[in-house]
Amino acid sequence: MTGGTAAALPGIAAELTGSFHRKADAGAPLCPGAVRPRQRLPHKRKGAAPFAFTLSADDTVRTKPHPDPYRAAATRFGVPASACVAVEDSPDGTASAHAAGCAVLVVPSLLPVDPARGRTFARSLEEVDLGMFSDCLRRPEASGS
């Protein structure tokens with residue numbers, strides 16, 4: 001990598017992040033079935049927000065494929081990563097969640113994800129239900145390194 005290329009990387013990253021946020025703010029469509037599992041999760045309080053919190057690449061020193069993002073999320077939830085099911089669609093995200101010790105539900109999108117112990121696969125979020133999340137957590141091999 002040349003010095004000029006390395007210098008351009010922060011600008012490229014900022015543009016990609018900005019593009020993502022603009023699309024999300026404009027109401028980018030969700031993957032088919034994305035809302036269904038979330039709607040069926042039991043809420044501990046009435047009127048709970050769609051997500052308890054968000055965590056981005058800016059919130060951890062290392063990002064995917066390192067385990068830091070998933071470890072940070074588990075810590076915010078106040079539970080061990082082994083009590084979490086990560087829903088991922090990419091090899092890096094899957095590697096991150098797996099390394100953190102989460103059970104991983106993989107719904108591949110653009111890039112294929114290799115099968116491994118502790119990973120459950122679904123063709124679409126439309127086929128995911130709460131039973132599948134429970135099955136992911138019951139697997140004894142669902143712990144990562």
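Worth knowing before you read on, the calculation uses all heavy atoms, side chains too, and leaves out hydrogens, waters and symmetry mates.
Applying the side chain to side chain contact (heavy atoms under 4.5 Å, CB included) rule to Pro69 yields the partners Leu55, Thr60, Lys64, Ser96; only residues at least two apart in sequence or on another chain are considered. In terms of the side-chain hydrogen bond (donor to acceptor under 3.5 Å, both in side chains) criterion, residue partners of Ser109 (sequence neighbours excluded) are, by chain and number, Asp89. Here Asp135 pairs with Arg138 under the side-chain hydrogen bond (donor to acceptor under 3.5 Å, both in side chains) rule; sequence neighbours left out. Not a single side-chain hydrogen bond (donor to acceptor under 3.5 Å, both in side chains) links Arg76 to another residue, sequence neighbours left out. Listed by chain and residue number, nothing satisfies the side-chain hydrogen bond (donor to acceptor under 3.5 Å, both in side chains) test with Ser90 (two or more places apart in sequence, or in another chain).
Side-chain contact check for Val113 versus Arg119: some heavy-atom pair is nearer than 4.5 Å. Considering only heavy atoms from C-beta on, Val79 comes within 4.5 Å of Cys84 through its side chain. Here the side chains of Arg62 and Pro67 are in contact, with some heavy-atom distance below 4.5 Å. Counting heavy atoms from C-beta outward, Phe133 and Val87 have side chains that approach closer than 4.5 Å. At least one side-chain heavy atom of Ser19 sits under 4.5 Å from a side-chain heavy atom of Glu15.
Note that OG1 of Thr54 is 7.0 Å distant from CG of Asp59, once rounded to the nearest 0.5 Å.
For residues 54-74, no pair satisfies ring pair (Phe, Tyr, Trp, His ring centres under 6.0 Å), with sequence neighbours left out.
In plain terms, the two heavy atoms of Val104 and Ala97 that are nearest each other are CG2-CB, 3.8 Å. Residue Cys102 comes nearest to Ala86 through the heavy atom pair CB-CB, 4.3 Å, listed as atom of the first residue, atom of the second, then distance. In plain terms, the two heavy atoms of Met132 and Val128 that are nearest each other are SD-CG2, 4.0 Å. Heavy atoms only, all atoms of each residue included: Ala122 and Pro108 are closest at O-CD, 3.6 Å.
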